[in-house]
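Notes to accompany the following structure.
The sequence lines fix the lettering, A, B, ..., with proteins before strands; numbering per chain opens at 1.
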There are 2 protein chains.
Amino acid sequence: MEYQEAKDKFISTWGSLGSLWGINKAMAQIQALLFISTKPLSMEDIMEELKISRGNTSMNLRQLMDWGIVTKEIIPGERKEYFTTEKDVQELARIVAKERSRREIKPVIKILKDVSSIKDDGTEKTKELIKQTKALHELTDTMDTMINKVVNQQQKWLTKSLLKLFK
Amino acid sequence: MEYQEAKDKFISTWGSLGSLWGINKAMAQIQALLFISTKPLSMEDIMEELKISRGNTSMNLRQLMDWGIVTKEIIPGERKEYFTTEKDVQELARIVAKERSRREIKPVIKILKDVSSIKDDGTEKTKELIKQTKALHELTDTMDTMINKVVNQQQKWLTKSLLKLFK
DNA sequence: ATTAACTTTCAATATTTTTTGAAAGTTTAA
DNA sequence: TTAAACTTTCAAAAAATATTGAAAGTTAAT
C-alpha cells in the first residue's frame with residue numbers, strides 16, 4: 001500500500017468512526033488529517049485535501065476547537081490561520097471521554113436519578129420503573145466514573161496494570 | 001413526578017441516548033419500554049405506547065433480536081408474539097459492549113493495523129502516518145481488549161452464580 | 001383447503017442532519 | 001481609510017436516515 005492510499009484509507013475510516021465518539025464525519029476527517037500532518041494546515045489546505053466547502057471547514061474547525069482537540073496556530077508573517085490537533089493519543093482519549101461525559105452522560109445520569117426517585121405508590125409498574133431505572137442509574141454512574149478515572153489518572157500505568165491483571 | 005411522566009421521560013431520554021450505544025431512536029425506545037414493563041408486550045402494545053407504525057416496530061424488534069437484547073416470548077394459547085428484553089443491566093452492558101466491538105471496533109483496528117504497516121519510504125510524512133496510526137492502533141486495541149476481558153470476567157462470574165443456583 | 005390473525009417487506013414519504021456558497025463580517029497592511 | 005485577504009454566518013439545497021402503510025407473506029385453527 002502506497003502512502004496516498006494509506007492516508008485516504010485512514011482519513012475515511014476515522015471519519016466514519018466519528019459516530020463512535022459522538023462527532024460528525026467532516027469533523028472527524030479534519031481531525032484525522034491534522035493528526036497525521038507534519039505541519040499546521042490552513043483552511044485552504046483542509047478544504048482542498050478533503051474536498052469540502054469553506055463554510056463546512058470553518059464550522060467544523062470551530063467545533064473541534066470547542067472540544068479542545070484542535071488549536072489555532074499563528075504563524076508569524078502569515079495572514080492565514082493555521083490549525084493543529086493534539087498529537088498524543090492518550091491526551092486525545094482523555095479529552096474525548098471528558099467531553100462526552102459532560103455533554104451526554106452526566107445529563108442522562110441526572111434524569112435517571114430523578115426518574116428513579118419518584119414516589120413509590122405501591123403499584124407493581126411503579127416498583128418496576130423505580131427498580132430498573134435505579135439499576136441503570138447505578139451502572140451508568142459507575143461506568144462514567146470508571147472511564148474518567150482510567151483516562152484521567154496516570155493513564156499509562158493504569159492501562160498497563162489492568163491489562164496484566166486480565167491477561 | 002407521576003408515574004406516567006417519569007415513564008415518558010425515561011423512554012425519551014433513553015431513546016435519544018441510543019446514539020451513544022450505536023442504535024437508532026425507535027430501537028432504543030422499544031428497548032426502554034420493554035425494560036420497565038412488568039410483562040411481555042405484543043407488537044400492538046408497543047405500537048400504541050410509542051405511537052409508531054407496525055413496520056417500524058417490526059423492523060426495530062428484529063434488530064433488537066439480532067443484537068441479542070430482545071427475545072420473542074411465546075405465550076401458550078396466544079396467537080400474537082410477545083417480546084421481552086434482558087432485564088439485568090450488567091448482562092445488557094456485556095451484550096452491547098461485545099456487539100459494538102464486533103461490528104465497529106474490530107474492523108477499524110484491522111484497518112489501523114494495515115495502514116500503520118505500510119513500508120517506510122523514509123519521507124517525513126510517511127514516518128508521521130506510521131507513527132500516529134500505530135499509536136491509535138495500540139490505544140484502540142488496548143481499549144477493546146480491556147472491554148472484552150471485563151466482559152469475560154463478568155461472564156465467569158455469571159456462570160458461577162448460575163452454577164450455585166443449580167447445586 | 002380456506003380463512004382469519006398476525007408479521008414482514010419495501011417503495012414511497014417524511015424527517016433530520018450535513019453541506020454548500022455567497023453575502024456579511026473582521027483584520028491587517030499600506 | 002481603503003482595500004485586499006481572510007473567516008464566519010446562515011438560508012437554501014443535498015444527502016442521509018428513519019418512518020409509514022399497504023400488499024405480500026406466514027401461521028394456525030377450523
Side-chain angles (χ1 to χ4, degrees), chain A residues 11-34 40-67 70-84 100 103-104, chain B residues 11-34 40-67 70-85 103-104:
Chain A
I11 290 173
S12 86
T13 302
W14 206 242
S16 64
L17 195 67
S19 64
L20 197 66
W21 43 298
I23 67 176
N24 76 34
K25 203 183 82 179
M27 213 173 138
Q29 288 190 342
I30 291 172
Q31 200 276 327
L33 178 64
L34 292 173
L41 300 180
S42 68
M43 223 161 79
E44 215 74 38
D45 295 335
I46 296 167
M47 286 167 60
E48 189 169 314
E49 285 261 18
L50 302 180
K51 306 271 183 283
I52 59 177
S53 72
R54 189 175 298 283
N56 202 2
T57 308
S58 171
M59 281 169 128
N60 283 110
L61 276 171
R62 161 188 279 284
Q63 280 205 78
L64 283 164
M65 287 188 284
D66 287 348
W67 271 71
V70 161
T71 46
K72 223 176 245 180
E73 196 101 335
I74 302 301
I75 296 192
E78 287 263 20
R79 192 65 181 281
K80 277 183 201 152
E81 294 176 331
Y82 284 79
F83 301 90
T84 47
R100 287 212 94 181
R103 293 164 192 247
E104 296 175 85
Chain B
I11 291 173
S12 85
T13 302
W14 206 242
S16 63
L17 196 68
S19 63
L20 197 66
W21 44 299
I23 68 176
N24 76 34
K25 203 183 80 179
M27 213 174 138
Q29 289 190 343
I30 292 172
Q31 199 277 327
L33 178 63
L34 292 173
L41 300 181
S42 69
M43 223 162 77
E44 216 75 38
D45 295 334
I46 296 168
M47 287 168 60
E48 188 167 316
E49 285 261 16
L50 302 179
K51 306 269 183 284
I52 58 178
S53 72
R54 189 174 298 283
N56 199 4
T57 308
S58 171
M59 281 171 129
N60 283 109
L61 276 171
R62 162 187 277 284
Q63 280 206 78
L64 283 164
M65 287 187 284
D66 287 349
W67 271 71
V70 162
T71 46
K72 223 177 244 181
E73 196 101 336
I74 301 300
I75 296 192
E78 287 262 20
R79 196 60 182 281
K80 278 183 201 152
E81 293 175 332
Y82 285 79
F83 301 90
T84 46
T85 187
R103 292 165 192 246
E104 298 175 84

- request: Rounded off to whole Å, could you give me the CG-to-C1' distance for the B:Asn56 and C:dT13 pair?
  value: 13 Å
- request: Measure across A:Gly18 and A:Ala28 and return the closest heavy-atom pair with its distance rounded to 0.1 Å.
  value: CA-CB, 3.9 Å
message: Measure CG/B:Leu61 against C1'/C:dT8 and give the value in whole Å, please.
response: 12 Å
query: Over how many whole Å does the gap from A:Met59 atom CE to C:dT18 atom P extend?
result: 11 Å
- request: Would you mind classifying the nucleic acid contact of B:Glu81 as base, sugar-phosphate or nothing, using non-hydrogen atoms under 4.0 angstrom?
  value: sugar-phosphate
- request: Assess whether one donor atom and one acceptor atom, taken from the side chain of A:Arg79 and the base of C:dT27, lie less than 3.5 Å apart.
  value: yes
message: So, OP1 or OP2 of D:dT7: does either fall under 4.0 Å of a side-chain N or O from A:Arg62?
response: no
statement: Rounded to whole Å, CE of A:Met43 lies from P of C:dT26 at a distance of 16 Å
task: Could you state the atom-to-atom distance from CG of B:Asn24 to C1' of D:dT17 in whole Å?
output: 9 Å
message: How close do B:Gly15 and B:Gln29 get, counting heavy atoms only, and between which atoms?
response: CA-CG, 3.6 Å
task: Starting from C1' on C:dT7, measure out to CZ on B:Phe83 and report it in whole angstrom.
output: 9 Å
- line: Atom CD of B:Gln63 and atom P of D:dT19 are separated, to the nearest Å, by 11 Å
